[in-house]
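Note that these values count all heavy atoms, side chains included, but never hydrogens, waters or copies made by symmetry. In the text below, chain A, chain B and the rest are named by the order of the sequence lines, each starting its count at 1.
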Number of protein chains: 2
Amino acid sequence: MVYLLRKRGAWWQDRFHDIGARITAPREIVIAVLQETDDHMSASDVYIRAHKINPSIGLTTVYRTLDMLTQLGIVQKFDFGDGKARFELVNNPGGKKHHHHLICMNCKTIVDYTEFLDEELEFINKTQEKLSKKYNFKITDHAISFYGYCDQCR
Amino acid sequence: MVYLLRKRGAWWQDRFHDIGARITAPREIVIAVLQETDDHMSASDVYIRAHKINPSIGLTTVYRTLDMLTQLGIVQKFDFGDGKARFELVNNPGGKKHHHHLICMNCKTIVDYTEFLDEELEFINKTQEKLSKKYNFKITDHAISFYGYCDQCR
DNA sequence: CCTTTATTGAAAATGATTTTCATTATCAAT
DNA sequence: ATTGATAATGAAAATCATTTTCAATAAAGG
């Protein structure tokens with residue numbers, strides 16, 4: 001079964017060319033996996049799914065690819081406090097929109113919320129501008145998280 | 001040399017009594033260490049300093065204490081992406097005020113900024129209230145972080 | 001000063017992530 | 001299309017932060 005056809009010019013491939021990175025089957029698969037799930041997946045979550053598509057893929061490569069995508073800003077890496085990093089596509093086309101997180105410190109449930117985001121982002125942008133000026137940072141991303149206890153755990 | 005005298009009623013001791021936790025030398029030391037440094041310290045950073053004060057303290061206990069303090073909301077735990085958790089006193093009396101972070105993704109430099117905080121916090125509080133109502137969360141904390149590249153690394 | 005039991009520390013275990021290195025595969029140049 | 005330089009891969013080993021285990025210790029109420 002063919003899961004992936006080499007579509008020249010897919011949104012992410014240009015980025016790869018720019019930095020001289022090769023377009024390989026494992027990389028295509030990892031990106032495909034990220035695209036087909038909105039959830040925050042750990043490296044091994046990604047590995048398991050990738051492995052189903054092509055059993056020859058290695059966990060190491062999944063880590064490496066996730067890392068590379070994070071560097072490129074294509075993927076955002078999170079730590080929700082359960083000992084493993086979580087990954088999400090930024091601007092998943094046709095997927096989940098940018099969002100912020102609400103984290104239950106007991107059961108580690110994550111709520112992605114998008115409410116109030118417009119106001120929040122407007123606010124963030126202003127702050128970002130001021131900060132990048134003052135500290136001479138090139139700011140590329142942000143994260144807002146609320147911590148507490150969910151309905152069950154409170 | 002005596003570094004710590006048991007001051008009955010120190011701000012954190014009441015909290016300990018409330019939950020039936022004992023006030024022990026290792027715990028006093030860990031808190032003292034956190035108080036005397038404003039920085040975001042890893043567990044082993046804390047361990048090293050604690051160890052200087054009292055070499056009998058164990059790394060395990062540092063982890064346990066840090067964990068407990070985090071549960072109690074006395075300490076906030078962060079992940080800045082370098083593989084180890086970082087800890088900071090919340091509301092360090094006479095120490096650093098509440099702040100948000102600006103993180104260089106290349107060299108991992110952390111800037112604590114407090115500018116624009118008043119506005120930011122006002123905003124956060126409103127959002128927090130709406131979120132906790134909507135999702136029935138008991139929100140106890142938040143974190144705002146900006147990611148990018150610092151002056152040197154950009 | 002006892003007694004109960006939370007706490008401790010050392011060592012071992014765990015588990016996520018990284019490194020190593022020999023093999024394979026991409027892709028620019030032919 | 002073929003080739004060759006070298007980027008990328010995967011398996012296994014190595015790291016390293018954090019946890020668990022368990023016997024010894026110490027806090028604090030009586």
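- With sequence neighbours left out, B/Thr60 forms a side-chain contact (heavy atoms from CB on, under 4.5 Å) with B/Arg64.
- Within 3.5 Å, a donor on the side chain of A/Arg22 pairs with an acceptor on the base of D/dA7, or the reverse.
- Taking atom CE of residue A/Met41 and atom C1' of nucleotide C/dA16, one finds them 17 Å apart after rounding to whole Å.
- Residue B/Gly20 is the one, among B/Gly20 and B/Ser56, whose nearest nucleotide of DNA chain C lies closer to the 5' end (criterion: closest heavy atom).
- In this model, the phosphate group of C/dT8 is approached by a side-chain N or O of B/Arg27 to a distance below 4.0 Å at OP1 or OP2.
- With sequence neighbours excluded, the residues that form a side-chain contact (heavy atoms from CB on, under 4.5 Å) with B/Asp45 are B/Met41, B/Ser42, B/Arg86.
- In this structure, the helix from C/dC1-D/dG30 to C/dT30-D/dA1 shows an angle of 40° between the axis at its start and the axis at its end, each fitted on 5 base pairs and rounded to 10°.
- Checked against side chain to side chain donor-acceptor pair (under 3.5 Å), B/His51 has no partners two or more places apart in sequence or in another chain.
- Between B/Phe146 and A/Gln128, the closest side-chain pair of non-hydrogen atoms falls below 4.5 Å.
- Rounded to a whole Å, the CD1 atom of B/Ile23 is 20 Å from the P atom of C/dT5.
- Residue B/Asn54 contributes atom CG, which lies 18 Å from atom P of C/dT7 at whole-angstrom precision.
- Rounded to whole Å, atom C1' of C/dT8 lies 14 Å from atom NE2 of B/His51.
- A salt bridge (Lys or Arg N to Asp or Glu O under 4.0 Å) check over residues 111-125 of chain B, counting only residues at least two apart or in different chains, returns the pairs A/Lys130-B/Glu119, A/Lys134-B/Glu115, B/Lys96-B/Asp112.
- Judged as a ring-ring contact (aromatic ring centres under 6.0 Å, His included), and not counting sequence neighbours, the contacts of A/Phe123 are B/Phe123.
- Summarising the geometry, the separation between OH on A/Tyr47 and C1' on D/dG10 is reported as 9 Å, rounded to the nearest angstrom.
- Scanning residues 59-72 of chain B for heavy-atom distances under 4.0 Å to DNA chain C yields B/Thr60, B/Thr61, B/Arg64.
- Not a single side chain to side chain donor-acceptor pair (under 3.5 Å) links B/Arg15 to another residue, sequence neighbours left out.
- Considering only residues two or more places apart in sequence or on other chains, B/Asn125 meets the side chain to side chain donor-acceptor pair (under 3.5 Å) condition with none of them.
- Between the side chains of A/His100 and A/His142, at least one donor-acceptor pair of N or O atoms lies under 3.5 Å.
- Checked against side chain to side chain donor-acceptor pair (under 3.5 Å), A/Asp67 has no partners two or more places apart in sequence or in another chain.
- In this structure A/Phe80 satisfies the ring-ring contact (aromatic ring centres under 6.0 Å, His included) test together with A/His40, A/Phe78, A/His101, sequence neighbours excluded.
- As rounded to whole Å, 12 Å separates atom C1' of D/dA17 from atom CG of B/Asp45.
- Taking atom CD1 on A/Ile19 and atom C1' on C/dC27, their separation rounds to 15 Å, with Å as the unit.
- Within residues 74-85 of chain B, the residues that have a heavy atom under 4.0 Å from DNA chain D are, in order of number, B/Gly83, B/Lys84, B/Ala85.
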